[in-house]
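See structure below.
In listed order, ligands and their atoms are each counted from 1. From a predicted model like this one, the values you see are computed outputs, not experimental measurements.
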Amino acid sequence: MQKKRVIVLASGSGSNFQALIDYAKNNDISYEICGLIVNIPDIYAIERAKLANIPFKIISHKSYESRADFEIALHDALIEMGAQIVVCAGFMRILGADFVDNWDGKMINIHPSLLPKYKGLHTHKRAIEAGDKEGGCTVHFVNSGVDEGAIIGQAQVPIFENDNEQDLAKRVLEKEHKLFPFCLEMVASNQAKLENGKCLIDGSEKIISL
Ligand code: GAR
């Protein structure tokens, strides 16, 4: 079967982007990373794309008058790069319904909390302040709600008494790098599918747990 063309959206260091590249390099799988789009010009994710010989585009949200205009440019770039699956890997822009609806069931995101807990920002700080004993990350299909789409998979980590935000972020990020490629492969191979707003794994409603 032909590999699915994946385009990654990122706004930061791109360690998850790297994990997806490495997994594709080291395993016989159903996707290939065909491009990177960033919305911030000088981020390290771009260096990673250069090192891996992956084409990239910089589409700065600041160059557009409205969110709608930015999203039209983003959509056009995804089409031009031949995207079949869109992966948000630390992409820090909220995307509107008009954009997201075009990629229904074909766009996934990783979020650094055990959703539905701690949507939005500062997830690790909030988990520590709440006295949670467990944190983690979630991969989900993207819909027009913020961090609300159907969950594909989750991975848990312990939170220890003296953890600060950085300790927890580091522990969770290691899990992200395992969970994300695995979930992407499930989507690319059609083992994980979005149907009527729910994620089906091999035909039944469940969540991948690592
Ligand atoms: C990751 O922890 C990811 O879960 C988070 O940003 C970080 C990106 O790291 N994403 C979000 O917070 C999205 N709401 P990376 O650039 O090294 O992959």
Donor on one side chain, acceptor on other, N39 and S60, under 3.5 Å: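 Looking only at side-chain atoms, S60 and N39 do not form any donor-acceptor pair under 3.5 Å.
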Test item: side-chain donor near acceptor, T123 and H111, under 3.5 Å: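 No, no side-chain donor-acceptor pair sits under 3.5 Å.
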Parallel, tilted or perpendicular for F70 and H61, by the 30°/60° rule? perpendicular
Could you pull out the N/O contacts under 3.5 angstrom between ligand 1 and the surrounding protein atoms?
unit_1   : atom_1 : unit_2 : atom_2 : d
ligand 1 : 2 (O)  : E176   : OE1    : 3.2
ligand 1 : 2 (O)  : E176   : OE2    : 2.9
ligand 1 : 4 (O)  : E176   : OE1    : 2.8
ligand 1 : 4 (O)  : E176   : OE2    : 3.2
ligand 1 : 14 (N) : H111   : ND1    : 3.4
ligand 1 : 16 (O) : S13    : N      : 3.3
ligand 1 : 16 (O) : G14    : N      : 2.8
ligand 1 : 17 (O) : S13    : OG     : 3.1
ligand 1 : 17 (O) : S15    : N      : 2.9
ligand 1 : 17 (O) : S15    : OG     : 2.6
ligand 1 : 18 (O) : S15    : N      : 3.3
ligand 1 : 18 (O) : N16    : N      : 2.9
ligand 1 : 18 (O) : N16    : ND2    : 3.0

Output all residues satisfying side-chain hydrogen bond (donor to acceptor under 3.5 Å, both in side chains) with E148, sequence neighbours left out; order by chain, then residue number.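 So E148 forms a side-chain hydrogen bond (donor to acceptor under 3.5 Å, both in side chains) with K119.
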Under the rule for side-chain hydrogen bond (donor to acceptor under 3.5 Å, both in side chains), what residues qualify as partners of H124, not counting sequence neighbours?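 Once residues adjacent in sequence are excluded, H124 has no partner under the side-chain hydrogen bond (donor to acceptor under 3.5 Å, both in side chains) criterion.
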Using the side-chain contact (heavy atoms from CB on, under 4.5 Å) criterion, which residues pair with S144? Sequence neighbours excluded. A97
